[in-house]
There are 2 protein chains.
Amino acid sequence: MKLGEGVEAAIHCAATLASVEGNSTMPGAALAESFGLSPSYLLKHLNMLTAARILESVPGPAGGYRLARPAERITLLDIVLAIEGREPAFRCGEIRRNGPVKLDASAYVKPCGINAAMLRAERAYRAALAETKLSDIAADYAAEGDPRSFAASCAFVARHQRPQKSSSTPQNPKQM
Amino acid sequence: MKLGEGVEAAIHCAATLASVEGNSTMPGAALAESFGLSPSYLLKHLNMLTAARILESVPGPAGGYRLARPAERITLLDIVLAIEGREPAFRCGEIRRNGPVKLDASAYVKPCGINAAMLRAERAYRAALAETKLSDIAADYAAEGDPRSFAASCAFVARHQRPQKSSSTPQNPKQM
DNA sequence: CTATTGCAGATAAAATTTATCCACGATAAA
DNA sequence: TTTATCGTGGATAAATTTTATCTGCAATAG
């Protein structure tokens, strides 16, 4: 069982976007630079988050990405499902039917007990993931051991976030 | 997130072996035939189960596989870990360090909150898997809807199981 | 001795993940 | 209106992992 690396990237990007002000955006290229990731590949993942309505995207210069809803209403499960897909990790192949003894399909009506147990476990996994909100992760960023790391992130975000025209609250880009 | 197909095969094989009598064994080739699987590849998985002390193997003619301990003391988690490996599904790449701002390692002492949340979820997953015993699965085989399927499996097992010399309880191979 | 079985390693085919590139539409700013 | 910046989608390729096969070897019952 393995999770793609895109999951880690997606969570970090979302957590970073959680700290941009108002409805400002941040370009995908800046996010990629922020984590030393390949920009062209990261865009694929950001796209999936957009398709899943976790992020919003604004085209054009001064465009970029922002959260589609408050970080309190985005869970790790939302992000993991958006990146990894919604199918369960275990897929029952009904291999008992493949043996030498051919029985017709009516002999296999009851749901497979193995499948049921595996799905039960995955439900527990997803329930646990649903308990962590993106806002928790963002708070962790701030509470992290050394304040230098957090300060560096903040400066990076402040430098790259782009206020949007339709903003109701005036922005202070603070170019440095 | 995806589980390899070997997991399903391994669980089915173990459940089948749970119904061989005493310390009799069943050859890998028979197990493969029983599920329509490629014998040479299934052996790889059976081998992992053997390495994990879930199965025992007996070489030579009349050899084969059997459970290394009672089915009540084998859980689905044991099998999944043996096949998929013990590493967690999420591996923290510490990508926050890869950005353009270079901080020395001392700035990242605290454990990553994302990693902690993902590992918590996986612990829940594993705990759920550990609650299902192989004996439960085997019981499910018997309780399955149509008795024809179960009868066919029993006949197949009876036909292929091989009593062992060192057996303390006399066996009845029941060749048909 | 011989046939059967598990075991390890090399190898290859297939599928998936990771990554790059380019043409396109949208749009803000000059 | 022009230009430069940005997200989108598709095609493509490289890298890795999974799946599968084969061969030679050791063990052992008959």
Side-chain angles (χ1 to χ4, degrees), chain A residues 1-10 13 17 24-33 35-51 55-66 68 83-85 87 89 91 93 95 160-167 171 173, chain B residues 1-10 13 17 24-33 35-51 55-66 68 83-85 87 89 91 93 95 160-167 171 173:
Chain A
M1 187 165 73
K2 219 179 62 177
L3 248 48
E5 300 184 8
V7 172
E8 185 180 10
C13 287
L17 289 175
S24 296
T25 66
M26 200 167 159
L31 288 167
E33 188 195 355
F35 299 113
L37 299 171
S38 127
S40 25
Y41 188 41
L42 178 63
L43 288 196
K44 292 269 187 288
H45 295 315
L46 294 179
N47 245 325
M48 291 180 181
L49 294 181
T50 306
L55 301 186
E56 280 174 356
S57 64
V58 177
Y65 296 91
R66 69 184 160 217
I83 301 295
E84 294 281 318
E87 302 108 49
R91 284 164 296 278
I95 60 177
H160 287 96
Q161 72 180 357
R162 314 271 188 86
Q164 295 300 307
K165 262 190 165 171
S166 52
S167 169
Q171 304 296 322
Chain B
M1 185 163 74
K2 220 180 60 179
L3 248 49
E5 299 183 10
V7 172
E8 185 178 11
C13 287
L17 290 174
S24 297
T25 65
M26 199 168 160
L31 288 167
E33 187 195 355
F35 299 113
L37 300 171
S38 128
S40 26
Y41 188 41
L42 179 63
L43 288 196
K44 292 266 187 292
H45 296 315
L46 294 178
N47 235 321
M48 291 181 182
L49 293 180
T50 306
L55 301 186
E56 280 174 355
S57 66
V58 177
Y65 296 91
R66 68 183 160 218
I83 301 295
E84 294 280 317
E87 302 108 50
R91 283 164 297 276
I95 60 178
H160 287 96
Q161 72 180 358
R162 315 270 189 86
Q164 296 299 307
K165 262 188 164 173
S166 51
S167 170
Q171 303 297 324

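A note on names: the letters A, B, ... follow the listed sequences, proteins ahead of strands, and every chain is numbered from 1.
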Nearest-Å distance for atom pair CZ/P, residues B:R66 and C:dT5: 16 Å
Just jot down the side-chain contact (heavy atoms from CB on, under 4.5 Å) partners of A:L43, sequence neighbours excluded, or say none. A:L46, A:Y65
Pairing residues for A:S40 by the side-chain contact (heavy atoms from CB on, under 4.5 Å) criterion, not counting sequence neighbours: A:S38
Starting at atom CD1 of A:I95, determine the distance to atom P of D:dT19, rounded to an integer number of angstrom. 12 Å
DNA chain C nearest-nucleotide lookup for A:L3 and B:P27: closer to the 5′ end is B:P27
Does D:dG7 have OP1 or OP2 sitting under 4.0 Å from an N or O in the side chain of A:N47? no
Tell me which donor-acceptor pairs under 3.5 Å the side chains of residues 26-33 of chain B have, and how far apart each pair is, sequence neighbours excluded?
none

Sub-4.0 Å heavy-atom contacts from residues 37-45 of chain B onto DNA chain C, ordered by number: B:K44
When the nearest nucleotide of DNA chain D is assigned to A:M1 and to A:G28 on a heavy-atom basis, which residue is associated with the more 5' position? A:G28
By nearest atom, which of the nucleotides C:dC7, D:dA29, C:dA28 is closest to the B:S57 side chain? C:dC7
Just to verify, what does B:V7 make a side-chain contact (heavy atoms from CB on, under 4.5 Å) with, not counting sequence neighbours? A:F90, A:M118, B:L3, B:I11, B:V80, B:I83, B:E84
Looking only at C:dT27, C:dC7, D:dT8, the nucleotide nearest the A:Y65 side chain is D:dT8
If you assign each of A:K2 and B:G60 to its closest nucleotide in DNA chain C, which residue comes earlier from the 5' end? B:G60
